[in-house]
Every structure is written in structure tokens, then in C-alpha cells.
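Below you'll find the structure I mean.
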Amino acid sequence: MDSKVLPSNTAAVSFEQFLVDNGFIKPQTAAELKSLGQSGGQTLDQLLISRKILAEEDLAKAKAAFFNLPYIDLRQLQVVPTVLALIPQESMNFYNFAPFELQGRVLKVAVTDPGNLSALEALEFLGQKQNLQVQLYLASANSVDVIIGKKRNLKKVVGEALKDIEIKESVGQKPQTVLKEAKPAVIEDAPIIKIVDVILSNAIEGNASDIHIEPSEKDVRVRYRIDGILHTSLMLPKSIHAAIITRIKILSNLKIDESRLPQDGRFHVDVGKKSVDLRVSILPLIYGEKIVMRILDKTTNAPTLEQLGIRGRALAWIKENIRKTHGIFLITGQTGSGKSTTLYSILSILNTPTVNIITLEDPVEYFIEGINQSQINPDIGLTFAAGLRSILRQDPNIVMVGEIRDKETAEIAVHAALTGHLLFSTLHTNNAIGAMPRMIDMGIEPFLLTASVNLVMAQRLVRKVCPDCRQEVPLTKVVEEEIRKSLENVPSDYIEGFDPNNLKIFKGVGCEKCGRTGYVGRFGIYEALPVTPDIQELILAKASTRRVYEAAAKLGMITMKQDGIIKLLRGETTMEEIIRVTTE
């Protein structure tokens, strides 16, 4: 190996300090990451990516600059199989490096961790063995995984497994469903296991939130929900549907022979560096059982309120009300609108050794060190109401209840807030103002609501414009009129990041990095309603929603649609997304 290409960084600074010095992250962020790494056991790279501080390719570029190595984007390359064959597959898998080009006797190799001396020594040995000079490049771990085959092609693997099944059927064998008694080696080779495994791994690696396996009369459709939108990923023959259902039931410890009743379960998988729980729901349909699996990534830390997209006066109100010693903080929205993530972000702020925080959840989605987290189990009588009643005997300062679903839970929550506890929970309503009528409809007296509720916040999730293919689009007269109407009476502290006198909107045109969708990731749009004395009077008088909104607007409250318009003008989302999630 040519010593000139060995990574070197003469400056006596750490990579973390290098990121700060070169403006990749702020000093405050570096300190937070260091603390999180010590408490949660995650590496700096994992934290930077999971908290979306740096994109994976940007992190690879920063590493390349730090180690004085050229950066290579492997996503744009087609590597010849003969080049890959120059290094044993076991070595590539173990050390996570990939050869990608051979020029004469010079072999170009992409590495992910130039600080791994064992990997460099292995490369040097392999190069000398074949009389090759090795040149190092730095690439992202994700792109190296794809090149060396750790990330398997969904259709290719499934196609191979289906051929295996056809061969077995041609010699008189039925498709193998997996038995608990089967030997591990048999299980790994079973085609059905390979199909289920690759469906799960591709969903997790593709950052899907849900997997849908849906039977029809002639086939089985597999769909992934990515950034809130369902995408069809695979069509399977109906003949293997029962075997796939059986496999997932075994993983979830459910009844294999029960196909007439709905079942719910859970299992755990590790994919690469991700530790994932899958919440399984099985529902009988006319053509067989449908499975929906919610993916819960345990390695992901809760984002900050600012990272969620909360700004302006709403952010100030939230920070003020979460510091109160008692009362109710409600978050409302549809299923899948990010309410739980917002609650976890708030609890992460409040999580100190001086307070006792207890949660009651369905299910536990994030695991936070220092917080006492409990999961409900209705099958044995542990409902939200029963669990909350027990929690109040555990000397809590702060309580989080996953959802207020019935009168009993609502009454206990109000009682807890009136007896010196700070309680966080969620409701299913269309907006913040609708939370009060919903609680009254559950049987809670208005005077109890005004005495206990501190703040109500509503939210939705919108897709984020891809920064790599973002382009300005013409502003039509109709859209401009709608934008200017929405900006009326918006407080000045929300007007930042755009020029109100020169309105511009953007859209992602589609590229390789966003899968040609024009969007990458999601963030929230919000409306926050503080329950001030004026709002309390209107609630006691059972005033109309319009009157409550007018009073809230005078306080400086903006609606979710207005928050979305502000983020549209900041170039963060599109008008289509705002219309999609705010149209009632």
C-alpha cells in the first residue's frame, strides 16, 4: 500500500472538534451529542445521522476531509463483479470496505472507518498478496453496504426464493412453513424465511414506518409506508400467503391455528446497527389475513423541539408550560401524526435526576434512560385508566399517558392535574380548539377543564422537500392570494427565513437520493393554544369554536395551515403537502 494514500490528520484534534471548527455542527450540539453518547452508548456517527444533524453522505464528506482522503459516492457507480472478486466477501463484510475500480495494478478501495487499523492492515496484506497497489477512498457506510451485497435487492432475493419453492413443488414437496422445532440451519435456508427476512430488512433500511401485507383473490401485495405515503414494493403469488402469515405469527408468538379473529403481537429484529421492534396487527379479510407491522426503531433518540419544526410564539408557550408543576398538556392529531414523538421530545427535556417521570404507553416506542416506562395490557386488565390509577401511587412528579380514550381515564387525568401532578397526554381531534369539546363530550365538567388544562397543541406531519433537487416553481395568482390571506395577522416572530414582499415557493423535481419523489423525510406543522383566563371564560360559557379561535388569534396563535404556509415560504415543503394534511 502506498504510504502517500494512508489517512493522516496532522492536527491534534478529534473528529468531533473538526466538525465544530469547520462549521458542520455548533459547539452546543457537540456537547449535547457527547452527553448522549455517554448515556446511550451510541457513536458520534450514529447520533449525527439518527438526529438528522448531518446526512450520511455529508458525514462521509466531512470524514474524508478530516482524514485527508478523497470522497467517493458509490451510489453513482456500477462496480464490475471481477473487481469485487479481488477481495474475499468475508473480509469485505467484516471490515466494511469495498473495491470499486482497478486501473492497471492500482486497486481503488472505499473504506468507512479510516481509523480502523486492522482494516488497513488487512487491505495492505490483500494488496501485497495479489501484487496490487491499494488507494484508499472514503464512502458512506450505507453505500458500501449496497456494493458488497449487505443490502439485498428485494425482488432479486424474493425471485430466487420463489424459484426454490417451484423446484420443491415440482418434485412433490409443499412450500415449507416454519416450525418452532426446525433446526436453525434449516430455518435460514427456508425460502419463506428468506422472503420474510428481506421484506423486513428492506423496509427498515428504507426508513419505512409500516409494512402492509395484503391478500387479494389472486396475489399478495406488500406495501411500505415511507414519509406517510404507501408505496407498493412487491407482488407475491397467493400460494405462499399462508406460509408468510405463519412465519410472522411464530415470530410474534401468536396462535398459528387462529385465522378467524384479529391478533396483536410484537417481535424484535436487529438490522445492521438498528435495533427494531415490530408491532404486529393481524386482521382477517375475505381473501385471507392481512398483516400490518409498525416499525419502532429503538436506536433513534427523540429530536429536539426545534428539530421537530416548532418555532415562534408556539415554542415559547410550550417551553413555558412544560415547566409548570401541575396541570395537563394535551397534544391532538390523527393516528400517525407524530404526537408520541413530540411527547418524547418534551420528556427528554424534563428528564433530570430531581424528578420522578412515569409513563403509561401503548406501545413503548422510544426507550429513555431515567424515565420509568410502562406498557398497557388490556388482556390482563391493565388499561390506561387502571394503570394511571396505580401510577399516582408511585409518587410521580410528571406523568405521561399515551392517550385519553374514555371518561374514566379523562377523570383520573384531571384529578391528577388538580392534585399537583404535571400530566402529558394525547387526544384524537382535528385541531387544538376541538380538544375542549371532546373532553366535555367525555363527561368532564367545563370548570374542571379550565382548572386543569394548561395548553393544547395540534399537529400534522408533512413531507420535506428534497434539498438535492429543490427548485423554485412559478407562483400562480391563486396560490399567491391563498398565501397572503393565510399570512394576515401572523405575529412578526414567525416571519423569518423568507421575504414577505418577495414570495417564493419550491418543489423537489425528483432525483436518485429521494427515489424520484421530490421529498426526503417529514416534519411537523403545529398550532398551540394556551388556556389563558380569556380562553377559560369562553370554555365555561361553552362558546362556539369560532369565538374561541378569534380569542386565540388575538393572543398570537397561528393555525396548522398558517404554520405550513410559513414553512412553504421557507422552502421546506410544498403547497400540495399542506393541502393534503390540512383539508378537513
Next on the checklist: Restricting to non-hydrogen atoms, name the atom on Ile525 and the atom on Met560 that form the minimum distance, rounded to 0.1 Å.
Outcome noted: CD1-O, 3.5 Å
Next on the checklist: Testing the 3.5 Å rule here: is there a donor-acceptor pair between the side chains of Ser140 and Ser143?
Outcome noted: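 Indeed, the side chains of Ser140 and Ser143 share at least one donor-acceptor pair under 3.5 Å.
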Item to check | Residue pair Ala416 / Leu392: nearest heavy atoms and the distance that separates them | outcome: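 Looking at all heavy atoms of both residues, the shortest contact is CB-CD2, 3.7 Å.
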Checklist outcome for this item: Taken to the nearest 0.5 Å, the spacing of Leu59 CG from Asn142 CG works out to 12.0 Å
Next on the checklist: If you apply the rule side-chain contact (heavy atoms from CB on, under 4.5 Å), what do you find for Leu296 with Arg266, and how did you get there?
Outcome noted: CA-CA 10 Å; Leu296 307 171; Arg266 189 176 180 131; 3.8 Å; yes
Item to check | Any donor-acceptor pair under 3.5 Å from Gln471 side chain to Lys507 backbone | outcome: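 Side chain of Gln471 to backbone of Lys507: no pair is present.
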Next on the checklist: If I compare all heavy atoms of Glu403 with all of Phe384, which pair ends up nearest, and what's the gap?
Outcome noted: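 It is O-CD1, 3.6 Å.
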Item to check | Minimum side-chain heavy-atom gap Arg463-Ile229 below 4.5 Å | outcome: yes
Checklist entry - Any idea which heavy atoms bring Leu427 and Met442 closest together, and the distance? => result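 Looking at all heavy atoms of both residues, the shortest contact is CD2-CE, 3.8 Å.
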Next on the checklist: Walk me through whether Lys561 and Glu482 qualify under salt bridge (Lys or Arg N to Asp or Glu O under 4.0 Å).
Outcome noted: CA-CA 11 Å; Lys561 183 176 181 180; Glu482 181 67 23; 2.4 Å; yes
Next on the checklist: Using a 3.5 Å distance criterion without hydrogens, assess whether the side chain of Lys504 forms a donor-acceptor pair with backbone atoms of Asp499.
Outcome noted: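 Flag not set: sc Lys504 to bb Asp499 has no pair under 3.5 Å.
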Checklist entry - Do Ile535 and Pro530 come close enough that some side-chain heavy atom pair is under 4.5 Å? => result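 No; the side chains remain at least 4.5 Å from each other.
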Checklist entry - Does the pair Thr359 and Asn372 meet the rule for a side-chain contact (heavy atoms from CB on, under 4.5 Å), with working shown? => result CA-CA 6 Å; Thr359 72; Asn372 305 286; over 6 Å; no
Next on the checklist: Quick test of your reading of the model: are Glu550 and Arg546 salt-bridged, counting only N-O distances below 4.0 Å?
Outcome noted: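 A salt bridge links Glu550 with Arg546.
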Item to check | Donor-acceptor under 3.5 Å (His268 side chain, Val276 main chain) | outcome: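 Side chain of His268 to backbone of Val276, a donor-acceptor pair under 3.5 Å: yes, one is there.
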Checklist entry - Between Ala141 and Glu56, which heavy-atom pair has the shortest distance, and what is it? => result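 Here Ala141 and Glu56 meet closest at N-OE2, 3.5 Å.
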Checklist entry - Leu423 versus Phe329: any side-chain heavy-atom pair under 4.5 Å? => result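 No - every pair of side-chain heavy atoms lies 4.5 Å or more apart.
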Checklist entry - Got a sec: does the CD of Glu472 have more than 12 other heavy atoms crowding it under 6.0 Å? => result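 Yes, because the 6.0 Å sphere around CD of Glu472 holds more than 12 heavy atoms from other groups.
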Checklist entry - Mind checking whether Leu538 and Tyr549 have side chains closer than 4.5 Å, heavy atoms only? => result no
Checklist entry - From Ile282 CD1 over to Ile291 CD1, what is the distance, rounded to the nearest 0.5 angstrom? => result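 Rounded to the nearest 0.5 Å, the CD1-CD1 separation comes out at 4.0 Å.
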Item to check | Side-chain donor or acceptor of Glu537 paired with backbone N/O of Asp534 under 3.5 Å | outcome: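 Not a single qualifying donor-acceptor pair exists.
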Checklist entry - Any side-chain heavy-atom pair from Asn397 and Ile357 closer than 4.5 angstrom? => result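 Not touching, per the 4.5 Å side-chain cut-off.
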Checklist entry - Looking only at atom types and distance, does a side-chain atom of Tyr494 sit under 3.5 Å from a main-chain N or O of Ile558, one as donor and one as acceptor? => result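 Side chain of Tyr494 to backbone of Ile558, a donor-acceptor pair under 3.5 Å: no, none is there.
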Checklist entry - Can you list the steps and then say if Thr409 with Asp406 is a side-chain hydrogen bond (donor to acceptor under 3.5 Å, both in side chains)? => result CA-CA 6 Å; Thr409 309; Asp406 50 48; 2.7 Å; yes
Checklist entry - Can you tell me if Tyr224 uses its side chain to pair, donor with acceptor, with the backbone of Ile199 under 3.5 Å? => result yes
Next on the checklist: Do Leu330 and Leu455 have side chains that approach each other closer than 4.5 Å (heavy atoms only, starting at C-beta)?
Outcome noted: no
Checklist entry - Is the backbone of Arg311 close enough, under 3.5 Å, to the side chain of Glu306 for a donor and an acceptor to pair up by distance? => result no
Next on the checklist: For the NZ atom on Lys324, are there more than 12 heavy atoms of other groups (residues, nucleotides or ligands in this structure) within a distance under 6.0 Å?
Outcome noted: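 Check passes, neighbour count above 12.
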Checklist entry - Which heavy-atom pair separates Pro491 from Arg313 by the least distance, and what is that distance? => result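 In terms of heavy atoms, the two residues are closest at CB-NH2, 3.4 Å.
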Next on the checklist: Looking at Gly402, is its backbone amide N or carbonyl O close enough to the side chain of Thr426 to form a donor-acceptor pair, meaning the two atoms are under 3.5 Å apart?
Outcome noted: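 Yes, the answer is positive, given that a donor and an acceptor are paired below the 3.5 Å cut-off.
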Checklist entry - What's the verdict on side-chain contact (heavy atoms from CB on, under 4.5 Å) for Ile211 and Arg294, showing C-alpha distance, side-chain angles and the deciding distance? => result CA-CA 7 Å; Ile211 304 168; Arg294 169 64 57 88; over 6 Å; no
Next on the checklist: Pair Thr559, Glu527 - check side-chain hydrogen bond (donor to acceptor under 3.5 Å, both in side chains), show working.
Outcome noted: CA-CA 5 Å; Thr559 65; Glu527 61 184 37; 4.9 Å; no
Item to check | Flag side-chain contact, heavy atom, 4.5 Å: Thr342 against Met457 | outcome: yes
Next on the checklist: Let me confirm one number: the OG-CZ distance from Ser425 to Arg405, rounded to the nearest 0.5 Å.
Outcome noted: 10.0 Å
Checklist entry - Is there a donor-acceptor pair closer than 3.5 Å between any side-chain N or O of Asn351 and the backbone N or O of Glu369? => result yes
Next on the checklist: Pair Asp264, Arg279 - check side-chain contact (heavy atoms from CB on, under 4.5 Å), show working.
Outcome noted: CA-CA 8 Å; Asp264 294 312; Arg279 187 178 70 195; over 6 Å; no
Next on the checklist: Check whether Phe498 forms a cation-pi arrangement with Arg570 (NZ or CZ under 6.0 Å from the six-membered ring centre, at most 45° off the ring normal).
Outcome noted: no
Checklist outcome for this item: Rounded to the nearest 0.5 Å, the CD atom of Glu320 sits from the CD1 atom of Ile318 at a distance of 11.0 Å
Checklist entry - NE2 of His415: more than 12 outside heavy atoms within 6.0 angstrom? => result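 Check fails, neighbour count at 12 or below.
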Item to check | Worked verdict on Lys61 versus Glu57 for salt bridge (Lys or Arg N to Asp or Glu O under 4.0 Å) | outcome: CA-CA 6 Å; Lys61 291 174 185 176; Glu57 295 303 321; over 6 Å; no
Checklist entry - So which of Leu449, Val414, Asn454, Leu418 actually passes side-chain contact (heavy atoms from CB on, under 4.5 Å) with Ile328? => result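 Of all the options given, the one that passes is Val414.
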Checklist entry - Does a side-chain heavy-atom distance below 4.5 Å link Pro446 with Ile440? => result yes
Checklist entry - To the nearest 0.5 Å, what is the distance between CG (Asp58) and NZ (Lys63)? => result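 Rounded to the nearest 0.5 Å, the CG-NZ separation comes out at 13.5 Å.
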Checklist entry - Taking atom NE2 of His428 as the centre, does the number of heavy atoms from other residues, nucleotides or ligands within less than 6.0 Å exceed 12? => result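 Atom NE2 in His428 is crowded, with more than 12 foreign heavy atoms closer than 6.0 Å.
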Next on the checklist: Can you confirm whether more than 12 heavy atoms, excluding those of Arg580, are under 6.0 Å from its CZ atom?
Outcome noted: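 Buried by this count: over 12 neighbours within 6.0 Å.
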Checklist entry - Knowing that exactly one of Ile505, Ile578, Val581 qualifies, which makes a side-chain contact (heavy atoms from CB on, under 4.5 Å) with Thr573? => result Ile578
Next on the checklist: Could you measure the distance from the CZ atom of Arg470 to the OH atom of Tyr519? Nearest 0.5 Å is fine.
Outcome noted: 13.5 Å
